[in-house]
Amino acid sequence: MTVALILGSGASPEQAKVKPAASKSPDRPFASESQPSPDFDQQAEQQLLDMANKSRAEAGAAPLEFDEGLIQAARAHAAAMAHEQQLSHQLNGEPSLPHRLSAASVLHLDHAGENVALDLTPDQAHEHLMLSPPHRENLLDTNYNVAGFGVFRSGGRIYVVEDFGHSLPAYTPEQTENAIVDAISRARRAAHLPALTHASDADLRPAVCTMAQQDRLGTRSMHELAQRYSMVSYTNLHPEILPTSANKAIENRAIKNVAVGACYARTDTYPSGVYWIGLELY
């Protein structure tokens, strides 16, 4: 996660009236999911995206696409900064960036970043952001493919929030498990070992989901399965990639069968979401 903030040269700290953040209050402005308030400048948000994508094209990076959920997250944070008159990536009483993004968007993100700025116009904001190395890095990062920008107008200035993310494909449990089986087959071939038989176990996926529900790998349900099988449990955002622990177990010549269970969930440990995975090897 990469975060950076900038105070545009068009507004001094005195003009911005920057002050310590107050505790979270119920009257803090927030972005409506249906209709933005008059203080949000949708045209400026689009201008910032157009300028960002122009700069990315000049740098050889693919364009960003707006995600409505990320836009709502950016607007809510921009409004909160304007209310507190402070530039910050996490105001008092506010969730962290991963929690803010996951609460607003259904995307599966494995990489996220944020720029915040206070300036006079979208053009000036983009210019100043591009002149700042950490902000420029976020804007041109080739890992990002989605974004949500929020612009909140207050007292003749604009509070700008640019949220970036790398969105992964969203798989069903069946697709996830099949991707893992394919990865296991590739690993066996690479080790010059015979293919494993893809077995099924109706108890495995529910047991794996208990790990997600309890936000930990070592659950009672998984321990019970470990009494009958050699088990491997792990979390991964990329089901097509096997961790080292799984590779070692899969390359056991005595293993003939494998059953796979997967469950995607967002938890306190993984606010952006992750696949919880269990392998039965026997």
Side-chain angles (χ1 to χ4, degrees), residues 1-6 31 33 36 40-78 89-90 95-117 122 125-151 160-173 175-176 178-180 182-183 235-241 262 264-267 270-275:
M1 179 182 68
T2 306
V3 294
L5 57 85
I6 189 169
E33 294 183 0
F40 293 107
D41 192 330
Q42 292 176 285
Q43 182 177 359
E45 292 164 359
Q46 184 62 48
Q47 285 178 315
L48 284 168
L49 178 66
D50 292 341
M51 289 184 287
N53 281 336
K54 180 180 179 181
S55 296
R56 288 174 67 87
E58 292 170 352
L64 299 168
E65 292 186 6
F66 262 167
D67 170 71
E68 186 60 32
L70 296 184
I71 291 173
Q72 297 304 327
R75 285 176 178 169
H77 188 56
H89 293 288
Q90 187 173 5
S96 65
L97 175 62
H99 284 88
R100 286 192 279 115
L101 299 188
S102 63
S105 176
V106 299
L107 296 179
H108 293 193
L109 302 177
D110 68 344
H111 186 41
E114 181 174 82
N115 289 342
V116 300
H126 180 71
E127 178 184 356
H128 296 147
L129 290 167
M130 286 294 289
L131 290 173
S132 168
H135 299 86
R136 180 185 178 91
E137 181 180 352
N138 274 340
L139 281 161
L140 303 183
D141 193 330
T142 57
N143 290 314
Y144 295 137
N145 56 11
V146 291
F149 294 173
V151 175
V160 176
V161 176
E162 298 179 335
D163 287 334
F164 307 91
H166 179 246
S167 178
L168 297 171
Y171 299 119
T172 65
Q175 290 172 327
T176 305
N178 288 334
I180 296 167
D182 290 342
T235 58
N236 201 340
L237 265 172
H238 303 270
E240 71 280 3
I241 300 175
Y264 180 86
R266 293 175 172 179
T267 68
Y270 302 98
S272 298
V274 75
Y275 293 101

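As the structure is a prediction and not an experimental result, all values here were calculated from the model.
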### Task
Take atom CD of E65 as the centre, draw a 6.0 Å sphere, and report whether it contains more than 12 heavy atoms from other residues, nucleotides or ligands.
no
### Query
Within a reach of under 6.0 Å around CD of Q43, are more than 12 heavy atoms found that belong to other residues, nucleotides or ligands?
no
### Query
Rounded to the nearest 0.5 Å, how far apart are CG of D67 and CD of Q72?
9.5 Å
### Query
Between H89 and V116, is a side-chain contact (heavy atoms from CB on, under 4.5 Å) present by the stated rule, with each step listed?
CA-CA 7 Å; H89 293 288; V116 300; 3.8 Å; yes
### Task
List the steps and the verdict of side-chain contact (heavy atoms from CB on, under 4.5 Å) for E114 and R100.
CA-CA 11 Å; E114 181 174 82; R100 286 192 279 115; 3.1 Å; yes
### Query
At what distance, to the nearest 0.5 angstrom, does CG of L48 lie from CG of L64?
12.0 Å
### Message
So, taking the atom named CZ in F164 and the one named CG in N143, what distance separates them when rounded to the nearest 0.5 Å?
### Response
12.5 Å
### Summary
In short, R56 meets L139 closest at the heavy-atom pair NH1-O, 2.9 Å
### Query
Is S55 close to H126 at the side-chain level, that is, under 4.5 Å between some pair of heavy atoms?
yes
### Query
Any side-chain heavy atom of Y270 sitting closer than 4.5 Å to one from T235?
yes
### Message
In terms of relative ring orientation, are H108 and Y275 parallel, tilted or perpendicular, with 30° and 60° separating the classes?
### Response
perpendicular
### Message
As an exercise, state the distance from OG of S272 to CG of L97, rounded to the nearest 0.5 Å.
### Response
8.0 Å
### Summary
So CG of D163 and NE2 of H77: to nearest 0.5 Å the spacing works out to 7.5 Å
### Task
Measure the spacing between CG of N115 and CG of L129 and express it to the nearest 0.5 Å.
5.5 Å
